[in-house]
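What follows is one structure encoded as structure tokens, with my remarks underneath.
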Amino acid sequence: SHQHEPQLALATTPKRQKVEDAADGCKHCACKKSRCLKLYCPCFAGGGYCSEKCGCVPCFNKADFAETVQTTRKVLLSRQKRMSLKINRRLEANAETMVVFLTQLDDDAFLLSSLWLIIIISILCLCHLQEDAHNSSSSTPPRRGCNCKKSSCLKKYCDCYQDGTGCSLFCRCEDCKNPYGKNEGFMADESKRFIYTGA
DNA sequence: GAGTTTGAAACT
DNA sequence: CAGTTTCAAACTC
Ligand SMILES: [Zn+2]
Ligand SMILES: [Zn+2]
Ligand SMILES: [Zn+2]
Ligand SMILES: [Zn+2]
Ligand SMILES: [Zn+2]
Ligand SMILES: [Zn+2]
């Protein structure tokens, strides 16, 4: 019942890889080649051990190998953090360039650029949320948007669609048709408003 | 169940 | 980082 309400992409909802979907959902991995020690494995990525219901083999994501699991997870998360910081720095640099450009416009043009300011602010917010999440090491960093090329964000291949979330400014999807919110905008008729249809 | 498609994660 | 490969799930039949 809580699945289908649209969500802001920037919200800090670490609801991903819910492998323990009660007795009902029965979502468990079936890994064959990753030994459940890479983020391919939803159990490992979700921070939990594999269960008896998993169809994985061979599986190292068990309490018996707690040290291995912990070490591997630490390495992978650290790599992820490094990559994320890199991308954030680039985004922040681009945002700064854009802000400088916008502030040099005359008044009329500047008013029309409010959409860009919103985008820039959103990007900076995501960067800060991610870094906070990384530093607290407790909450999962917010996902960057999807990168769908062929599914039009209409199937569960798309993480946004699977989460019941609209695509956002951070998605790089092509021909987005996400029913929860398309990564597109349009000019409203008879209005100088730009309506963004995504999250 | 087998085979294909897909995009994140991993690798280089 | 970008281009490529690997991977397990989503999907199709
Ligand atoms: Zn697994
Ligand atoms: Zn598992
Ligand atoms: Zn496993
Ligand atoms: Zn998508
Ligand atoms: Zn998306
Ligand atoms: Zn999309």
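The shown structure was predicted, so the numbers you read here are calculated from the model rather than taken from an experiment. Below, read A as the first sequence line, B as the second, and so on, with proteins coming before strands; counting in each chain starts at 1.
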Shorter than 3.5 Å, N or O on both sides, protein versus nucleotides 2-6 of chain B: list them out with atom names.
residue	atom	partner	partner atom	Å
dT5(B)	O2	Tyr157(A)	OH	3.2

Under 4.5 Å between side-chain heavy atoms, hopping through other hydrophobics if needed: is there a path connecting Phe60(A) to Leu77(A)? no
Tell me whether Ile123(A) shares a hydrophobic cluster with Leu85(A), the cluster being built from Ile, Leu, Val, Met, Phe, Trp, Tyr side chains joined at under 4.5 Å. no
For the pair made of [atom1] in [X] and [atom2] in [N], what is the distance, rounded to whole Å?
X: Tyr161(A); N: dC11(C); atom1: OH; atom2: C1'; value: 12 Å
X: Arg89(A); N: dC1(C); atom1: CZ; atom2: C1'; value: 14 Å
X: Asn94(A); N: dC1(C); atom1: CG; atom2: P; value: 11 Å
X: Leu85(A); N: dC1(C); atom1: CG; atom2: P; value: 11 Å
X: Asp163(A); N: dA10(C); atom1: CG; atom2: C1'; value: 15 Å
X: Arg73(A); N: dA9(B); atom1: CZ; atom2: P; value: 14 Å
X: Asp159(A); N: dC7(C); atom1: CG; atom2: P; value: 19 Å

More 5' along DNA chain C: Lys32(A) or Leu154(A), using each one's nearest nucleotide? Lys32(A)
Looking at Arg79(A), Arg89(A), Gln130(A), which hits side-chain hydrogen bond (donor to acceptor under 3.5 Å, both in side chains) with Ser84(A)? Gln130(A)
ring-ring contact (aromatic ring centres under 6.0 Å, His included) against Tyr40(A), all qualifying residues, sequence neighbours excluded: none
Restricting both atoms to N or O, compile the protein contacts to nucleotides 10-12 of chain B shorter than 3.5 Å, with distance only.
residue	atom	partner	partner atom	Å
dA10(B)	OP1	Leu39(A)	N	2.8
dA10(B)	O4'	Tyr40(A)	OH	3.1
dC11(B)	OP1	Lys38(A)	NZ	3.1
dC11(B)	OP2	Arg79(A)	NH1	3.3
dC11(B)	OP2	Arg79(A)	NH2	3.0

Categorize Cys146(A) for me: base, sugar-phosphate, or nothing, with a 4.0 angstrom heavy-atom threshold over every strand shown. sugar-phosphate
When you measure from the side chain of Lys62(A) to the backbone of Val69(A), do you find a donor-acceptor pair of N or O atoms at a distance under 3.5 Å? no
N/O donor-acceptor pair under 3.5 Å between Arg144(A) side chain and Phe170(A) backbone: no
At their closest point, which heavy atom of Gly55(A) faces which heavy atom of Lys32(A), and how far apart are they? O-NZ, 3.1 Å
Scanning both residues in full, the closest heavy-atom pair of Leu154(A) with Tyr161(A) reads O-CZ, 3.7 Å
Between dA8(B), dA9(C), dC7(C), which nucleotide has the shortest distance from any of its atoms to the side chain of Asn147(A)? dA8(B)
Do you know which of Asn183(A), Asn178(A), Asn147(A) makes side chain to side chain contact (heavy atoms under 4.5 Å, CB included) with Cys173(A)? Asn183(A)
